[in-house]
Every structure is written in structure tokens, then in C-alpha cells.
Number of protein chains: 2
Amino acid sequence: MSHILDGPAPGARQAQKQKTRQALLDAALRLLEEQSLSSLGLREVTRAAGVAPTAFYRHFRDTADLGVALVEEALGSLHTTLVATLAATGDGEERITAAVDLIAAYVRAYPAHARFIAREQHGGVKRVREAIGAQLTLFAQEVAAQFAKEPEAAGWSEDDLLMLARMYVDHMVMTASALLETDDDGPVTDTARRQLRLVGLGRLHWLDAPALDEPVRGN
Amino acid sequence: MSHILDGPAPGARQAQKQKTRQALLDAALRLLEEQSLSSLGLREVTRAAGVAPTAFYRHFRDTADLGVALVEEALGSLHTTLVATLAATGDGEERITAAVDLIAAYVRAYPAHARFIAREQHGGVKRVREAIGAQLTLFAQEVAAQFAKEPEAAGWSEDDLLMLARMYVDHMVMTASALLETDDDGPVTDTARRQLRLVGLGRLHWLDAPALDEPVRGN
DNA sequence: AATCTCGGAGAACAGTTGTTAACTGCATGG
DNA sequence: CCATGCAGTTAACAACTGTTCTCCGAGATT
């Protein structure tokens, strides 16, 4: 263990603090596999983490606050990975496989994190819902920005690109949730790939359609 | 009112029972607008319904049981409406508008029910999750069956039709959830229509693609 | 008219919750 | 080297939870 980077200025004291903080996050995440955040008790978490109830307040105001921290932990590191995956693959079937594999790998590596996001995306705690929504919107913007760089995006409005990107992002969350409720990934990833293929086909022919800016309102 | 099927005896007594049962369901649904089912307390519900805590047991074993009843109340009557809407409209833009309008009307008419479904679809109570999942699968099967009757489905495998239908159903739930978090339906329904248009375009060109039963595994 | 059924009320239980206050010990900065 | 800051502990609180048992009174049954 090197002491060079964590010792000098910061303090080995904060290391211990973040250690218990992480213990609280881990304990909470484990408990959240079988319940929702809005029913997660402060004492429940501290008990599972092996610390006194009052220690909780040194790190979080309440369980909603802890939930927001969990959102960052679950989604924060995914931005670079996602964008890198999209940038590294071309269009079409190759990219579809890469995207589905990415999410399947994530769900298998961090099932509790994935479950937490899928569950609390529409959950009962407003601040957490908003935090997840903001992250997903950010994902969509990043995906749209990546799309914009590619030749296939010629003629697309910014709004339509964002609409397309949101569809991909929302589909990822749906796929993750579906993966969590099965033990055989095969059928789920297969369906996910076919659905992405369908959207990709629609994308290819999007500009074939006549102008729909002001569709017939006769009805 | 027919008395033949209700049971052994008609009874104005059972009317009062179902009245309090409905009071419990209504009270629960109201409380669930700001929390998840897994944190919904039995006493909380009875207090809001204006009955004694012990009265709860005359109707439900626990709050999870009540949740399953809410799923039926929220989704049960929607099957006929959905199928009728699909059957009454042709393909293309007309059907897209009809479908989006249907879900927007539902969300506006029964916001608490819609919120409950969106929230508990991935929520912390297994039995309720399963009940919602079963209903949505049923929806998908009904939609797929309707699709199968139409000329556009020629050449489609049963599996692909179900995949397409699931996509529509899941997209409906997503749209409902998005509508619940905004007060201006315009942008949301607009995006939803464009996304459906995209999927519809993909559907039209689905058979153009080469056989993908055994895609290249070189990777 | 007498009896039975059963939805609902009331009281009490042991256990849990979030939050406050005052405390201990140790790493840290002067 | 000592005083300060602060992560974590202990104790206590009023409030709340799900559940059981007992009882009541008004339909329903005969």
C-alpha cells in the first residue's frame, strides 16, 4: 500500500471517514435489493454497516441524501465508458452488439447498482428521481452529440437527434431492468438487439418521409 | 343489479364491505403519490381511510396484497380500450396519434393509477412487480395478436411481432411516466409521436434486411 | 322471533423508528 | 507537545409500527 498519494496533505483521517461512508453506501445498496429507498431506514442502514445510528448524520442528512450519492456512484463512471464505446464502433450491427454487451456487462458486474437505478428512476423519493433523470438526460445529450459527428446524421435536426438518443438511453434502462429479472441473458439480449435493429432501420429511412412539421390536424 | 352471480345471498351487507374496501384502495392510492408501496404502512392507510387499523385485515393480508388489487384496478379495464383503439384505426400516423392520445387521456384521468404502475413496475415488492409484469405481457400479446391480423404483418415471425408489440407497450409506460413529471403535455406527446413514427418506419423496412438469424460472430 | 355471521372497533403488546444530547478518543495543526 | 476538531459512541425520548385478542352490533338465515 503506497502512502505517498493519500498521506501528505489530505490526512489519513479522512480516509477512515470515507471508509465508513462507503460502508454505509454498500450496506444501503444491499438492503435496497429487496425494498425501495422510501422504506429504507436510517437505523437499518447503520446496523447493516456496523456503526452507531448517529454516525449516519456525519455523512448524510437523511436517506434521500444517501440515495443521491448512490446515483452518482452508479452512473457517474458510466459516461466515459458509454461515449467511448459509441466512438469506437461504427454504425449498424457492430454498434448494436457493442451497446447491448456493454449494458449486459454492467448489469452482471454491478447488479445492485443497476437495480437501484431502474427502481428509483420512478421511485417515491423526488430528489433521487430528479438526480437520475438529470443523469439520463446527460447521457442522451452525450449520445446525441456523438451521433451528430457521424455522416448518418446529415439532414437531422438537433431535436430529432436528441429524440433518437433518448430512445436509445431509455431502451438501455429497460433492457437492464429486464436482465435483472431473468437468469438467462440470452433471450433478453436477443430481443434488445432486434429492437435496436428496428430503431436503426427507422433511422435510416427517417428522411424518406414527407415533411411532418405540421401534420394534418383534421381529426 | 343481477343477484344471480354475486354469491349465495344478495346482501346489502356486502355493498358496505366493498365500500370500505374501496375507501382503503383510494386512501392507499393517494398516499402512494408521494412514496413507494414498500414504505406504505397498514395503519397509515386505515387512518387515511377513516377506519380502525384492524379493519384492514378483513380485506387484505398485508399492503403487498392491497398493491396487487391496485394493479388490477389500474390496468384491468384498459385491455378492451387498448385493443378497441388499435382495431378502430388503420396503420400509420392516424394510429400513432390515437395511441398517444389514449395514453395521455388515461394519465390525465387517472394520474394516481398511472403513477402507481410506473413506480411499482420496478418497485421493491415482488408480488406487485410480477402482477404488473404479467399485465404488460398480456397487453403485448394482445397488441401482437392485433398486428397479426393486418396485411403489414405479412412475412413477420410470431416472435418478431411480439418483440414489436412489447416495444410499443413499454414505450407507452415510458410516455405515461414522462407525462406525469411535466405539466405541459405538448413536448412529451410530440416526442412520443416521433418515436413511434421512427419505430413504424423501421417496421416498414424490417423485411428489407438480409437474414440475421445467424449473424456474423467474428468478434 | 331467535340465532348465527361477520365487518368493524377498541385496547394492549413488543418492537422499531428518527432525532437530540452529552460523551470519548484519536489524528492533526499550531 | 499540547490543544483543538471531529468521526463515532452511548443513552434516552416520544412517536409510530404490525399483530393479537376481545368485544360489539347490525345484516342474514332459519
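When reading the values below, keep in mind they use all heavy atoms of this one structure, side chains included, and skip hydrogens, waters and symmetry mates. Throughout, a chain's letter reflects where its sequence line sits, starting with A, and its residues are numbered from 1.
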**Study point:** Residue pairs fulfilling ring-ring contact (aromatic ring centres under 6.0 Å, His included) with at least one residue in residues 13-49 of chain B, sequence neighbours excluded
**Key:** none
Review point. Rounded to whole angstroms, how far apart are CZ on B:Arg21 and P on C:dG7?
Key: 12 Å
Exercise for review: Quick one: which residue pairs count as a ring-ring contact (aromatic ring centres under 6.0 Å, His included) with a foot in residues 60-86 of chain A, not counting sequence neighbours?
Suggested key: A:Phe56-A:Phe60, A:His79-A:Phe139
Exercise for review: With a 4.0 Å heavy-atom cut-off, tell me which residues in residues 65-73 of chain A come close to DNA chain C, sorted by residue number.
Suggested key: none
Check your understanding: Between D:dG27 atom C1' and B:Lys19 atom NZ, what is the distance in whole Å?
Key -> 15 Å
Point to revise | Pair A:Ser38, B:Ser39: side-chain N/O donor-acceptor within cut-off below 3.5 Å | key: yes
Exercise for review: Measure from CD on B:Gln18 to P on C:dG8 and round the result to the nearest Å.
Suggested key: 11 Å
Review point. In whole Å, what is the span from the CD atom of A:Gln16 to the C1' atom of C:dC26?
Key: 11 Å
Review point. With sequence neighbours left out, what residues match B:Arg108 under salt bridge (Lys or Arg N to Asp or Glu O under 4.0 Å)?
Key: B:Asp185
Exercise for review: Output all residues satisfying side-chain contact (heavy atoms from CB on, under 4.5 Å) with B:Arg129, sequence neighbours left out; order by chain, then residue number.
Suggested key: A:Arg119, A:Glu181, B:Lys126
Review point. Is there any ring-ring contact (aromatic ring centres under 6.0 Å, His included) pair reaching into residues 112-132 of chain A, and which pairs are they, with sequence neighbours excluded?
Key: A:Tyr110-A:His113
Check your understanding: For B:Arg61 and D:dG18, what is the distance between atoms CZ and C1' respectively, to the nearest whole Å?
Key -> 15 Å
Point to revise | Between C1' of C:dG7 and CZ of B:Phe60, the distance in whole Å | key: 14 Å
Point to revise | Listed once per pair and sorted, the salt bridge (Lys or Arg N to Asp or Glu O under 4.0 Å) pairs that draw on residues 163-173 of chain A, sequence neighbours left out | key: A:Arg166-A:Asp170
**Study point:** Atom-pair distance (CG on B:Asp62; P on D:dG18), nearest Å
**Key:** 10 Å
Check your understanding: Between B:Arg194 and B:Asp190, does at least one N-O distance fall below 4.0 Å, as a salt bridge requires?
Key -> yes
Study note, to complete from the structure: What residues 31-58 of chain A contributes to the DNA chain C interface at heavy-atom separation below 4.0 Å is A:Gly41, A:Leu42, A:Arg43, A:Arg47, A:Thr54, A:Tyr57
Exercise for review: Ignoring the backbone of B:Thr20, work out which of D:dA7, D:dG27, C:dG8 is nearest its side chain.
Suggested key: C:dG8
Review point. To the nearest Å, how far apart are B:Lys17 NZ and C:dC6 C1'?
Key: 8 Å
Practice item. Output every pair passing salt bridge (Lys or Arg N to Asp or Glu O under 4.0 Å) with a member in residues 41-60 of chain A, not counting sequence neighbours, ordered by first then second residue. Key: none
